[in-house]
Amino acid sequence: MNLRIPGPTPCPPEVLQALSRPMINHRGPEFATLLARCTEHLQPAFQTSADIMILTSSGTGAMEAAVTNTLSPGDEVLGISIGYFGERFCDIAAAYGATVHRYTVAHGLAADPEQVGRLLREHPSVKAVLVTHNETSTGVTNDLKAIADVVREAGPLLLVDAISSLSSLPIEMDAWGLDLVLSASQKGWMVPPGLAFVGVSPRAWSVMEDARMPRYYFDLRMAKEYATKGQTPATPALSLFFALDVAFDFLEKEGWPGIYDRHRQIGEYTRSGLRNLGLELFADPKHASNTVTTVTLPSGVSEAELLKTLRERYGIVVAGGQGSMAGTMLRIGHLGMVSQSDITALLDALRVELGDRRVSTPAQAARS
Ligand SMILES: *Cc1c(COP(=O)(O)O)cnc(C)c1O
């Protein structure tokens, strides 16, 4: 199967083999070494010297951790939403009692950093800004550095969902002044789902002293306390740690600059290939994502049927639209273990399937 969804992504066979290793004592010295090693290897991807907590959870748990560890019920937050996952971040904050001012951007576009600045001046009590770096539902990458500059100047914390970007697109947690940065194992890391990573700035740690939202499993201060002893508060997904440890061999062999280059090249290749087929790209070309490409389906083409044909006839699995965009688009994941030939196979399949339809529709119309 050519799994071309924006997570879970394919894993190298060696990473999958690591999943079958025998269990170890999660309160013993082997795990302490493993936890320390994984944490250390995460830091270059985050571009940080700050702490990184590894949680046994999907990415959404990390989003919940970011909110509940830094805020109190009634706190005002600015939620920047450019799609489905931006909405999720806002919804989590609202569920825990924050007052969420939503800056909602039309699907396909990126957030405007100047508008973020205006909204922060309009709502001076905002404690934190929630932002999605790479919106997986629309295939748009926000200009995180520009947004961070504006937020930094205004003062609130910046909580960043970098779940589908970190490890594939460059992010500089320390240089850009990001407070909490989140990612998850099944996106660009080439590891199965189940681990989430949370980079925590010193400022974020200090804010946690006063944060009153309820939390237990995702209490980051408890995670840190245990991490100093080489442990996690509850039983970690040991097999996924084994897999992550092996994935770093691959990531570091290629090197971060090479990984970012490859994603940029494949992003461009995907977009130009789709345009050459006469298809309409959904995302604003100035902010098109290099990890996921969205394409609007021509009228008369059923998303469900096309997904089924690609899967059954070609062994290619892509995603459809999410939320209000369901039924209208294809979302193509090209993050983690992906090469140009994986995309060529998809483009060739689309040429056959959509090319046929576009030629045959007017002819059929003429005949009837
Ligand atoms: C995948 C994804 C999530 C959700 O992560 P889960 O691991 O499914 O909980 C959140 N935000 C973005 C941008 C994502 O791509």
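Note: hydrogens, waters and symmetry copies are ignored here, and every other heavy atom, side chains too, is used. Residue numbers run from 1 in the order of the sequence given. Bear in mind the structure is a predicted one, so any value in this text is a computation, not a measurement. Read the numbers this way: they start at 1 and go in the same order the structure lists the ligands and their atoms.
The distance from ligand 1 to the heavy atoms of Arg88 drops below 4.0 Å at these ligand atoms: 4 (C). Heavy-atom proximity to Thr60, at under 4.0 Å, picks out these atoms of ligand 1: 4 (C), 5 (O), 6 (P), 9 (O). Atom numbering of ligand 1 starts at 1 in the shown order; those under 4.0 Å from a heavy atom of Asn134 are 13 (C). Near Gly59, the atoms of ligand 1 lying under 4.0 angstrom from a non-hydrogen atom of the residue are 5 (O), 6 (P), 7 (O), 9 (O). Every atom of ligand 1 is numbered from 1 in the order shown, and the set under 4.0 Å from a heavy atom of Ser164 is 13 (C), 15 (O).
Between Leu350 and Leu330, some side-chain heavy-atom pair lies under the 4.5 Å cut-off.
In this structure, Lys229 is positioned above the aromatic face of Tyr226, its NZ or CZ under 6.0 Å from the six-membered ring centre and within 45° of the axis.
Among the atoms of Met63, none of the N or O lies under 3.5 angstrom from an N or O of ligand 1. Residue Glu135 has no N or O atom closer than 3.5 Å to an N or O atom of ligand 1. Between Ser58 and ligand 1, at least one pair of N/O atoms sits closer than 3.5 Å. At least one N or O atom of Gln186 sits closer than 3.5 Å to an N or O atom of ligand 1.
Taking a 6.0 Å sphere around CD of Glu114, one finds it holds 12 or fewer heavy atoms contributed by other residues, nucleotides or ligands.
In this structure, atom 14 (C) of ligand 1 lies nearest to the protein heavy atom Lys187 NZ, 3.0 Å. Of the protein's non-hydrogen atoms, Asp161 OD2, 2.6 Å is the one closest to atom 11 (N) of ligand 1. Nearest protein heavy-atom contact of atom 13 (C) of ligand 1 is Thr136 OG1, 3.2 Å. Annotation: atom 10 (C) of ligand 1 to nearest protein heavy atom, Phe85 CD2, 3.2 Å.
Side-chain contact of Thr132 with Asp161: a donor-acceptor pair under 3.5 Å is absent, judged by distance alone. A donor-acceptor contact closer than 3.5 angstrom is absent between the side chains of His26 and Thr232.
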Using atom types as modelled, flag every donor-acceptor pair under 3.5 Å from a side chain in residues 169-178 to any protein atom, sequence neighbours excluded.
| unit_1 | atom_1 | unit_2 | atom_2 | d |
| --- | --- | --- | --- | --- |
| Asp174 | OD1 | Thr48 | OG1 | 2.5 |
| Asp174 | OD2 | Thr48 | OG1 | 3.3 |
| Asp174 | OD2 | Ser49 | N | 2.8 |
| Asp174 | OD2 | Ser49 | OG | 3.4 |

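Heavy atoms only, all atoms of each residue included: Gly108 and Val140 are closest at O-CG2, 3.3 Å.
Electrostatic pairing of Arg221 and Glu209 counts as a salt bridge here, judged by a charged N lying under 4.0 Å from a carboxylate O.
Contact analysis leaves His133 out of contact with ligand 1, as no non-hydrogen atom separation drops below 4.0 angstrom.
With Asn290 as the partner, the side-chain hydrogen bond (donor to acceptor under 3.5 Å, both in side chains) test is satisfied by one option alone out of Glu268, Arg271, Arg262: Arg271.
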